[in-house]
Structures are given as structure tokens and as C-alpha cells.
Amino acid sequence: MNAPSALASAYIAFRDDLIDDGLLVPMGSDGLFGRGAVFESIVTALDTAIMTLGADNNPTILRFPPVISRSLIERTDYLKSFPDLLGSVHSFSGSDRDHLALIATAESGGDWAQAFTSTDVVLCPAACYPLYPMSSGQTVPDSGRIYDVVGTCFRREPSIDPARMQSFRQHEQVFIGGESEAMAFRNRWLERGSGLLRQLGLPVEAVIANDPFFGRVGKMLASSQRDQALKWEMVVPICSEEWPTAIASTNAHQDHFGAPFDIRRPNGSAAHSACIGFGLERCTLALLRHHGLDPHLWPSEVRAILWS
Ligand code: ZN
């Protein structure tokens, strides 16, 4: 989507303010940023607030690296839905002679990466993905297994919108278990998630998600997701009232992961799953936008939630 020019100016103005104040550090590719101490202090506080909010579920806490095995992604329908967003890790495994050719190509400004071949790992696109293989081949109770995960995710969508990063962190709570229980989990977290964001002074609204599925196959998947109202986003205006940004989402996956990963319910059918994911950078940017770039000056009730 080409951003209308007023929107583009708003993105650039906010991004430049963030960079000028040292909150973000540009890294030479749109949507790729280092983060300064103040930015990270907000991320850390949010992380703790989200974990505290979900502590009553007594989740299993797990943290994963930013890469996952290629076989994992092959068991999901990510390649069908978002091939354009996936990052695949390639490396060099040539001979000495190939190496010399590689260096010559690089030195002449050519595309040295052509000499790289795919490996057995890809960049993780969603923090909950590494969880599903863990229950593969197992029967889970209908009351479910609940996890708290944080992961670095990659999506190849370079943008001037500072809220659309290529590499970002998601904090998720994930449920794997019965069908009605998964739906109840999603609904409960839609309320809880919106509640936390509202307490943080953000004018959040819940809307049915409109994910950017790829191509013709994707169009069908997108309309089915919308028709069934499976995924909801919590949106907040960051650079535009008209085009608010999704800073968190809750998703009922049905048996979308339970079936391919062979996770079963006690009655033998495929397990259902659901998750809530908070985009930590996006939540941070929403707070900076609505309360100002210096967290010391934020409303005391917001500071009390994050730094009490
Ligand atoms: Zn998820």
C-alpha cells in the first residue's frame, strides 16, 4: 500500500523525532532499528506488566531464539499465506575457488548472496510458533496448556512507518487445548488486553483483523478469517486517526496448529489453540506518541502501572 503523502509525512516526522531523541537508532534499512535505553526501559516495563497480568493462568514461561527450523514453517500454512514476509537463512558452503569468486563478486559490487544456499533454519515470524512442535504427538487436556512466550519476530515489510518494523518482539500468552476453552481464552484476553492498554491511557479499539494474506489463495484465507471473526486486533492511532495501528491481537486458531502438529484432545480430535500477542515495540511507540517522548513526564497513573 502506498501511503498517502500526508500519512507519509506523519510517519517520517515521528520517526525522525524518535531518532533525534535517541529512542531509536536507524540501521540502514527501513523498519530496522536499534533501541536506546529509554525505549528499552518502556519495553521491559511493558513486558513485566503483561507477565503480571497473565500470572493467574500459571503459564509455562519460555523464551526462544529469533530463528526456527525450516521443517516447523513447512508444517504451518505460512508459505501459503505470507511468503512475501518470510525471511529464510542462507549460508555459504562452497569450495575455496567458490570463495574467491564470492569475494570478487562482492568487491565488484555484485550480488555475492547468489553464492549462498538455503539452510535448515528460517527467521521466526510469530512468537508462538516454536510452541506447537513441543506438544506434537501428545494429548493435551481440554482445560489446556498455557504458555507465556517472548520472541523476536521477522517480517519482510520495509516501511517508513516506525511502527512497521522488520524485526520486533512479541509477548504472547498461548492456549492449547479444547475448542470452547480456546475460544473462551481468546475472548477473555481480548478484554484483558484492551483493559491493560486502556489503563495505560491508550484510546484502544478492538476491530476484526484484516491480515495481508498473499495472492489469490491468500484472498480466500483472508475472507474466511474475517467471516469467522477469528482474529481481533487492538488498534490505536499512532501516526493517523484514519489508519490506526494494531498494537496487540488475539487469535483463535481453531485446529490450524493442532491438526498439522498432531496435538490431540482426550476425545481424539485435533486440539484447538488461541493466543494473544502484544507487539512490544508498537505498544511502546503508542505510549510515546500519546504521552510524549519523555516517560518521566507521563501521567502518574500510567507510570504507576509500569514502574510501581
Ligand atoms: Zn501467536
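At distances below 3.5 Å, not a single donor-acceptor pair connects side-chain atoms of Q173 with backbone N or O atoms of I146. Panel note: side chain Q199, backbone V302; no donor-acceptor pair is recorded below 3.5 Å. A donor-acceptor contact shorter than 3.5 Å is absent between the side chain of T119 and the backbone of H90. With hydrogens and angles ignored, the 3.5 Å screen pairs a side-chain donor or acceptor of Q170 with a backbone N or O of A127. Within the 3.5 Å criterion, the main-chain N or O of S269 finds a donor-acceptor partner in the side chain of N267. Looking only at distances, no side-chain donor or acceptor of H272 sits under 3.5 Å from a matching main-chain atom of H256. In this structure, the side chain of R264 engages the main chain of G137 through a donor-acceptor pair within 3.5 Å.
A distance of 12.0 Å separates CD1 of I276 from SG of C128, quoted to the nearest 0.5 Å. Rounding to the nearest 0.5 angstrom, the gap separating the CG atom in L196 from the CH2 atom in W189 is 8.0 Å. Taken from OH in Y11 to CG in D161, the straight-line distance is 4.0 Å, to the nearest 0.5 Å. Within the model, atoms CD1 of I160 and CZ of F14 stand 13.5 Å from one another, a figure rounded to the nearest 0.5 Å. Distance check: R188 CZ to M183 CE gives 13.5 Å after rounding to the nearest 0.5 Å. Atom CG of residue L197 and atom CZ of residue F278 lie 5.5 Å apart, to the nearest 0.5 angstrom.
Relative ring orientation between F257 and Y132 is described as parallel, the plane-to-plane angle staying below 30° on a 0-90° scale split at 30° and 60°. Relative ring orientation between F92 and H99 is described as tilted, the plane-to-plane angle lying within the 30° to 60° band. Between W112 and F116, the angle of the ring planes goes over 60°, which puts this pair in the perpendicular group of the 30/60° scheme.
The number of heavy-atom neighbours closer than 6.0 Å to CD of E241, taken from other residues, nucleotides and ligands shown, is 12 or below. Shown here is E74, whose CD atom has more than 12 heavy atoms of other residues, nucleotides or ligands within 6.0 Å.
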| query | Can you list the steps and then say if T105 with Q114 is a side-chain contact (heavy atoms from CB on, under 4.5 Å)? | reply | CA-CA 10 Å; T105 305; Q114 295 285 350; over 6 Å; no

| said: Before you tell me yes or no, could you show the steps for L131 and V149 under side-chain contact (heavy atoms from CB on, under 4.5 Å), namely the whole-Å CA-CA distance, both residues' side-chain angles and the distance that decides it to 0.1 Å? | reply: CA-CA 9 Å; L131 289 176; V149 286; 3.9 Å; yes

| said: Determine whether D255 and F261 satisfy the following criterion, side-chain contact (heavy atoms from CB on, under 4.5 Å), listing intermediate values before the conclusion. | reply: CA-CA 10 Å; D255 61 0; F261 287 96; over 6 Å; no

| task | Would you check, one step at a time, whether the test side chain to side chain donor-acceptor pair (under 3.5 Å) holds for R145 with S135? | result | CA-CA 9 Å; R145 290 180 180 169; S135 294; 2.9 Å; yes

| query | Given L288 and W298, is the side-chain contact (heavy atoms from CB on, under 4.5 Å) satisfied, shown in steps? | reply | CA-CA 9 Å; L288 290 164; W298 287 3; 3.9 Å; yes

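For the residue pair D47 and T44, no side-chain donor N or O sits within less than 3.5 Å of a side-chain acceptor on the partner. Looking at Q166 and S29, their side chains do bring a donor and an acceptor atom within 3.5 Å of each other. Using modelled atom types, one finds a donor on one side chain and an acceptor on the other under 3.5 Å when comparing S118 with R70.
Of the options D120, V67, V122, a side-chain contact (heavy atoms from CB on, under 4.5 Å) to V89 is made by V67 and by none of the others. Screening T152, V121, L123 against P66 for a side-chain contact (heavy atoms from CB on, under 4.5 Å) leaves a single residue, T152.
Judged by the 6.0 Å distance and 45° axis criteria, R155 is not positioned over the aromatic ring of F82.
Shortest non-hydrogen contact noted between R265 and A271 is CG-CA, 3.6 Å. Scanning all heavy atoms of the two residues, the minimum distance from G201 to H291 falls at O-CE1, 3.7 Å.
Residues D56 and R192 are paired through a salt bridge, judged by an N-O separation under 4.0 Å between the basic side chain and the carboxylate. Salt-bridge check for D148 with R63: passed, with a basic side-chain N closer than 4.0 Å to an acidic carboxylate O. Salt bridge absent: R15 and D17 never bring a charged side-chain N and a carboxylate O closer than 4.0 Å. A salt bridge between E179 and R186 is absent, with no side-chain N of the basic residue lying under 4.0 Å from a carboxylate O of the acidic one.
Both F64 and Y129 belong to a common hydrophobic cluster when Ile, Leu, Val, Met, Phe, Trp and Tyr are linked at side-chain heavy-atom distances under 4.5 angstrom. I19 is not connected to L32 by any chain of hydrophobic side-chain contacts under 4.5 Å among Ile, Leu, Val, Met, Phe, Trp and Tyr, and they are in different clusters. W307 and M51 fall into different hydrophobic clusters, where Ile, Leu, Val, Met, Phe, Trp and Tyr are joined by side-chain heavy atoms under 4.5 Å apart, directly or via other members. The same ILVMFWY cluster, assembled from side-chain heavy atoms under 4.5 Å apart, contains both V43 and M234. Criterion: ILVMFWY side-chain heavy atoms under 4.5 Å apart, direct or through other members. Under it, F39 and V25 are not part of a common hydrophobic cluster.
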